[in-house]
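Here is the naming used below: chain letters follow the sequence lines, and residue numbers restart at 1 for every chain.
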There are 2 protein chains.
Amino acid sequence: MKNEITEKAKNILKKHGIQPSVQRIKILEYLLINRTHPSADEIYRSLCAELPTLSKTTVYNTIETLVEKGIVKPLNIDSRELRVDAIIEPHAHFRCMECGKIYDVEIEMPDYINKKVGDGHLVKAQDLYLEGICNSCLKKNEKK
Amino acid sequence: MKNEITEKAKNILKKHGIQPSVQRIKILEYLLINRTHPSADEIYRSLCAELPTLSKTTVYNTIETLVEKGIVKPLNIDSRELRVDAIIEPHAHFRCMECGKIYDVEIEMPDYINKKVGDGHLVKAQDLYLEGICNSCLKKNEKK
DNA sequence: ATTCTTGCAAATCATTTGCACTTTA
DNA sequence: TAAAGTGCAAATGATTTGCAAGAAT
């Protein structure tokens, strides 16, 4: 049911003390359903049909709120634009150099959170970014 | 000697088949000396005194050339602007959430290069980005 | 002489800001 | 009704592009 996710989004917002406006619910819902690390623009364009009056400002405002509350994580993996990621499990991100798609990848890696690294710098967050050719592009290239 | 680094920069350019113009030498020289992951603007401002006619376009052009040839690596660790890193040793990057400074950190981590991860995606480059409070900010905070 | 390089000025594009209008508690 | 949320329009700021002048082979 779509209603379930709507309820889930609404509950997450309430739990974090964020007023569950229609726009915020739809945006969070979109992030929960589409685990594709969308950009602000992608979110905006995808929701325009449902919410014709939606503005990009609201998308940015909402992302900011969600990031502040730790519901969503901003990714810098794309230098052109912000990507956001609904936080579920810690994972690495793989970016395909050919098609630009970004995949979640679950691999083990050392956990540095709350440890000190280098010259005594305390780690609060870590991110492993991988780049290369994704499975689907590899297959495409074989065919040529 | 400063001349040594100038020569080094010139040689790197020649080795990669890049014409060693004054601008390119100075920019690469700056990157070799200042291992601080400068932004295009920082490079530009720092070299303006020496090269009064330098334009930002040339800085961007040169960075692009250096990146293409694999002499320099673009970092996405700062979402606002591009940072570049003269490639010497593989290392992680630590970004201080307070002062925004970016440090090189040498820590061991699994090497995924040329391995397949997740759903068969071939890794060609990897980057570990750490965030937290740097040593110097930690000390500052203690004093308060 | 032809090709590469530089750099000004204008264009682009993601993101931010100012502000007036609307909604909600 | 006061406070929070929305969204238009303009501003900002990093990067890119078009192009003409200059330098190198």
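A salt bridge links A:Arg95 with A:Glu131: the closest approach of a Lys/Arg side-chain nitrogen to an acidic carboxylate oxygen falls below 4.0 angstrom. Residues B:Lys73 and B:Asp85 are not paired through a salt bridge, judged by the lack of any N-O separation under 4.0 Å between the basic side chain and the carboxylate.
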Expected rows: protein N/O vs nucleotides 11-16 of chain D N/O, under 3.5 Å:
unit_1 : atom_1 : unit_2  : atom_2 : d
D:dT15 : OP1    : B:Leu82 : N      : 2.6
D:dT15 : OP2    : B:Tyr60 : OH     : 2.4
D:dT15 : O5'    : B:Tyr60 : OH     : 3.1

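Using a 4.0 Å cut-off, no side-chain N or O of B:Ser55 falls inside it from OP1 or OP2 of C:dT6. Side-chain N/O atoms of B:Gln23 include one lying less than 4.0 angstrom from OP1 or OP2 on C:dT6.
Here the C1' atom of nucleotide C:dT5 and the CD1 atom of B:Ile63 are 16 Å apart, to the nearest Å. Rounding to whole angstrom units, CD of residue A:Glu68 and P of D:dA4 are separated by 14 Å. Computed from coordinates, the A:Leu54 CG to D:dG5 P distance equals 16 Å when rounded to whole Å. Atom CD in B:Gln19 sits about 18 Å away from atom P in C:dT2, given to the nearest Å. For the pair A:Ile43 CD1 and C:dT15 P, the interatomic distance rounds to 10 Å; values are reported in whole Å. Nucleotide D:dA4 holds its P atom 17 Å from the CG atom of A:Leu13, rounded to whole Å. In this structure, B:Asp78 atom CG and C:dT15 atom P are separated by 13 Å, rounded to whole Å. At whole-Å resolution of the value, CD1 in A:Ile18 and C1' in C:dT24 are 16 Å apart.
Between A:Asp104 and A:His37, the side chains place a donor N or O and an acceptor N or O closer than 3.5 Å (distance only, hydrogens not considered). For the residue pair A:Gln23 and A:Asn61, no side-chain donor N or O sits within less than 3.5 Å of a side-chain acceptor on the partner.
Between A:His93 and A:Tyr103, the gap from one ring centroid to the other reaches at least 6.0 Å.
Closest to the A:Ser21 side chain, of the nucleotides D:dG7, C:dT6, D:dG5, is D:dG5.
Side chains of B:Leu31 and B:Ile43 form a contact here, defined as non-hydrogen atoms less than 4.5 Å apart. Side-chain atoms of A:Leu82 and A:Leu75, non-hydrogen and from C-beta on, never get closer than 4.5 Å to each other.
Using a 4.0 Å heavy-atom cutoff across all strands shown, B:Thr58 reaches at least one base atom of the nucleic acid.
Contact detail for A:Asn76 and A:Tyr129: the closest heavy-atom pair is N-OH, 3.2 Å.
Between the side chain of A:Lys139 and the backbone N or O of A:Asn135, no donor-acceptor pair lies under 3.5 Å.
Mapping B:Gly17 and B:Tyr44 onto DNA chain C by nearest heavy atom places B:Gly17 closer to the 5' end of the strand.
Axis angle, first five pairs versus last five pairs of the helix from C:dA1-D:dT25 to C:dA25-D:dT1: 20°, rounded to 10°.
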